[in-house]
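Okay, structure first, notes after.
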There are 2 protein chains.
Amino acid sequence: MVTIQDVAKEAGVSKATVSYVLSGSNAISEQTTKRVQKAMKKLGYSVNHTARALATAKTNTIAIVAPYRSGNFFSLSRGAYLYALSNAARKFGYDTLLLTGENDRQLIVDAVEGRKIAGAILLDIVNDDPRIATAKQLKLPVVLLGKADNTQGLPYVDTDFEYAAEMMIHRLAAFGHKEVVLIGWPQEQYDIQMNYAVRFLQKALECAQSVGIVLRVVYANDETLGASTEITEALCGYPQATAFIIHNDAAVLAAPQVMQGCGLAVPDDISIITVVPDQIATGMKIPYTSFFIDVNAIVDTAMDVLVRQIQQHNTGTETILVKPNFADLGSLSQKN
Amino acid sequence: MVTIQDVAKEAGVSKATVSYVLSGSNAISEQTTKRVQKAMKKLGYSVNHTARALATAKTNTIAIVAPYRSGNFFSLSRGAYLYALSNAARKFGYDTLLLTGENDRQLIVDAVEGRKIAGAILLDIVNDDPRIATAKQLKLPVVLLGKADNTQGLPYVDTDFEYAAEMMIHRLAAFGHKEVVLIGWPQEQYDIQMNYAVRFLQKALECAQSVGIVLRVVYANDETLGASTEITEALCGYPQATAFIIHNDAAVLAAPQVMQGCGLAVPDDISIITVVPDQIATGMKIPYTSFFIDVNAIVDTAMDVLVRQIQQHNTGTETILVKPNFADLGSLSQKN
DNA sequence: CTGAAAGCGCTTACAG
DNA sequence: CTGAAAGCGCTTACAG
């Protein structure tokens, strides 16, 4: 492997000079610069990031921490988030280390103490997430991709689920719907206080009450595919319901077929509105009026906040909720 | 940060001695060993992996290379694979770097030249995959997670789609089915020669011909959700067809509702058999007789092959096809 | 069994 | 504007 020493010799300068043209941190004459660049090109030099990291005590790697939670819950959008995170990190010049496993707190500690990472993005935030304390203790720059009841001052970026819930309920109310079914996640997700699940549900309940909508909550358990059983049961159990709110990716995917199977036309017989990641919505051609979760916007924002923290340009604790994008696909009907 | 020097001083030994007890590469008296360990614990020492990597010219990081391909194709199982890969790498003591983006060849080159990675797993292999040449040129230990027509001697690990296709066709033949519909991936996936798509299809066509089954191929385009339109059209277009083979995750998810919507009972009216990742099958409770792609087995095998290559224990080029697991969920009926 | 010393490939005050 | 030198925190022949 060709080193900075080889380049220096080839260009007839010192290692320091080569290093300076590499970093641009020190004024070097144009002539010398060109000579060095020519030498680098000729020898095919690339910097050894390990050596650089040791010398500078800095690493350009960010961890993505995705815990393993037991149960059958399978996130269909996980790939989209990981992919977007990796791309966003690269835009800022960072590599991404994937930290997954049951003992994620230990993984974080090891990565920090082993000087492998400069910061971390935490996925799947639950209330009282144990990783919050770990990050604080390690003084690790961190951004929660998801809100928690008590983030202990750590910055977070997430979809504004409260906004989505509020807008949905008000729109349904304006359209004259009186009884609405909310298809949610498996009960288990609420039990472990998965934050996005809880927040959306609570806000929806609260708004429904304030506008006089009867909101029926159905937890899509994992015993059937895409919550089709629950949706069907809800249709029978709540015959007065005129609309469905779906906050569950698998249920959104299955809904068109379930409705068709029940002989119901959307929106003539039943109205539907969902909140779902845009990547799934686009890739799978979701045909419903929805609030599309802007995965790239969330991820880009989170990475920006993280990088500012790492580079000490942090302007206080950032807590950002990104509004999902409303798209009217005509699946809501007027009832009054 | 506490260094090996601090530990040495605390224990009253040299840095070399500390290093030896750390690695166990040199016999050290039990007494000294204990003293050193006590000092490490007392000071809270952890090795600086950057320094170690520089000294040994070794890195314990493996890249996962997932290209970005244009189009709306959205892989529902991507998250499962990434997660499994990360866990598998950790079992072998490796970290995983996520390498995604449009210019993945350059990303690989940069990662290798920057001495960031010791090897790589390549995802989404297509025939004539350009990354194959890149890896060969860099002499980078690599495992293709997917087969290509010409792997140029590089090891690969993949699901045995040929086996799945053959078994399916023979089983359908044995059950007396004469005309079968194969629901595949979007045409685009075949156009870019996505290997798993092509291999399964070709083998199925070949076997069907040999056993006298008429195989109708339907490409699930991405214009409708879960291929429901295509499935429905196929039901009308091929009224003689008595069975469906589904090789398309989204279509598998949607199929129960589509069938229900068409008023068809499985398997009384129509037989269904699928090949789908087990993580999706389990998480989403797929109700069909299937060949379940064993994501963890494939990933563990791939990682094992890669690590052996990195550690020079490679026993020649490995080309491994992992048989998917057959599960009879009773969705095939006897026709003769 | 243990230590002194050189080296891995960079960066960065410091001096000129 | 450029270079000599020290240093980042490890590992590893080598000598004893």
Side-chain angles (χ1 to χ4, degrees), chain A residues 1-40 43-61 93 95 110-118, chain B residues 1-40 43-61 93 110-118 311:
Chain A
M1 288 282 103
V2 26
T3 72
I4 208 171
Q5 183 67 277
D6 303 324
V7 175
K9 193 181 296 177
E10 172 75 24
V13 297
S14 72
K15 288 192 303 175
T17 302
V18 176
S19 180
Y20 289 139
V21 337
L22 224 39
S23 64
S25 67
N26 215 341
I28 298 288
S29 75
E30 196 176 331
Q31 208 181 43
T32 311
T33 302
K34 282 203 174 130
R35 209 138 36 87
V36 169
Q37 285 170 337
K38 192 175 294 179
M40 293 197 296
L43 302 180
Y45 172 78
S46 8
V47 67
N48 181 327
H49 284 271
T50 303
R52 176 177 282 178
L54 181 60
T56 60
K58 281 194 179 68
T59 169
N60 279 301
T61 305
D95 288 320
D110 290 347
V112 171
E113 294 192 337
R115 259 116 321 175
K116 292 177 179 173
I117 59 172
Chain B
M1 290 282 105
V2 26
T3 73
I4 210 173
Q5 182 68 276
D6 302 325
V7 175
K9 194 181 294 176
E10 172 75 23
V13 298
S14 72
K15 290 190 303 174
T17 301
V18 176
S19 179
Y20 290 139
V21 339
L22 224 39
S23 65
S25 66
N26 215 342
I28 299 288
S29 76
E30 196 176 332
Q31 207 180 43
T32 312
T33 301
K34 282 205 175 128
R35 211 138 34 89
V36 169
Q37 286 171 336
K38 191 175 295 178
M40 292 197 296
L43 302 180
Y45 173 78
S46 4
V47 64
N48 180 327
H49 285 270
T50 301
R52 176 177 283 178
L54 180 59
T56 59
K58 281 193 179 68
T59 170
N60 279 301
T61 306
D110 290 347
V112 171
E113 293 192 339
R115 257 111 330 171
K116 292 177 179 175
I117 59 172
Q311 299 174 351

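Computed from a predicted model, the values in this text were never measured in an experiment. Proteins come first, then strands; the chains are lettered A, B, ... in the order of their sequence lines, and each starts at number 1.
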Within this structure, what is the CZ-to-P distance between A/Arg115 and D/dG9, rounded to whole angstrom?
8 Å
Interatomic distance, CG@A/Asn48 vs CD@B/Glu113, rounded to 0.5 Å, equals 11.5 Å
Value in whole Å for how far the P atom of C/dC8 lies from NE2 of B/His49:
22 Å
Could you state the atom-to-atom distance from CD1 of B/Ile28 to P of D/dT12 in whole Å?
13 Å
Per atom distances to the B/Tyr45 side chain, the nearest of D/dC10, D/dA4, C/dT2 is D/dC10
Between B/Ser29 and A/Gln5, which has a closest nucleotide on DNA chain C that is more 5'?
B/Ser29
Both A/Ser19 and B/Thr56 contact DNA chain C. Taking the nearest nucleotide for each, which residue is further toward the 5' end?
B/Thr56
To the nearest Å, give me how far apart CG (B/Leu22) and P (C/dT2) are.
15 Å
Quick one: B/Lys58 NZ to D/dC10 C1', roughly how many Å, whole number?
14 Å
Interatomic distance, A/Ser46 atom OG to A/Ile4 atom CD1 [nearest 0.5 angstrom]:
12.0 Å
As an exercise, state the distance from CG of A/Asn60 to NZ of A/Lys58, rounded to the nearest 0.5 Å.
9.0 Å
Which nucleotide in the set C/dG9, D/dC10, D/dC1 lies at the smallest distance from any side-chain heavy atom of A/Thr32?
D/dC1
Of C/dG9, D/dA13, D/dG9, the nucleotide closest to the side chain of B/Ala51 is D/dG9
B/Ala16, nearest nucleotide to its side chain (from C/dA4, C/dT11, D/dG3)
C/dA4
Residue that, paired with A/Arg115, satisfies side chain to side chain contact (heavy atoms under 4.5 Å, CB included) out of B/His49, B/Arg52, B/Met1:
B/Met1
What is the distance, rounded to the nearest whole Å, between atom CG of A/Leu54 and atom P of C/dC10?
12 Å
Does D/dA4 have a Watson-Crick or wobble mate here (both distances under 3.5 Å), and if so which one?
none
Determine whether a donor-acceptor pair (N or O, by modelled atom type, separation under 3.5 Å) exists between the side chain of A/Thr33 and the backbone of A/Ser29.
yes
For A/Asn48 and C/dG9, what is the distance between atoms CG and C1' respectively, to the nearest whole Å?
6 Å
Rounded to whole angstrom units, what separation is found between the NZ atom of B/Lys15 and the C1' atom of C/dG3?
11 Å
side-chain N/O B/Ser14 vs C/dG3 OP1/OP2, d < 4.0 Å:
yes
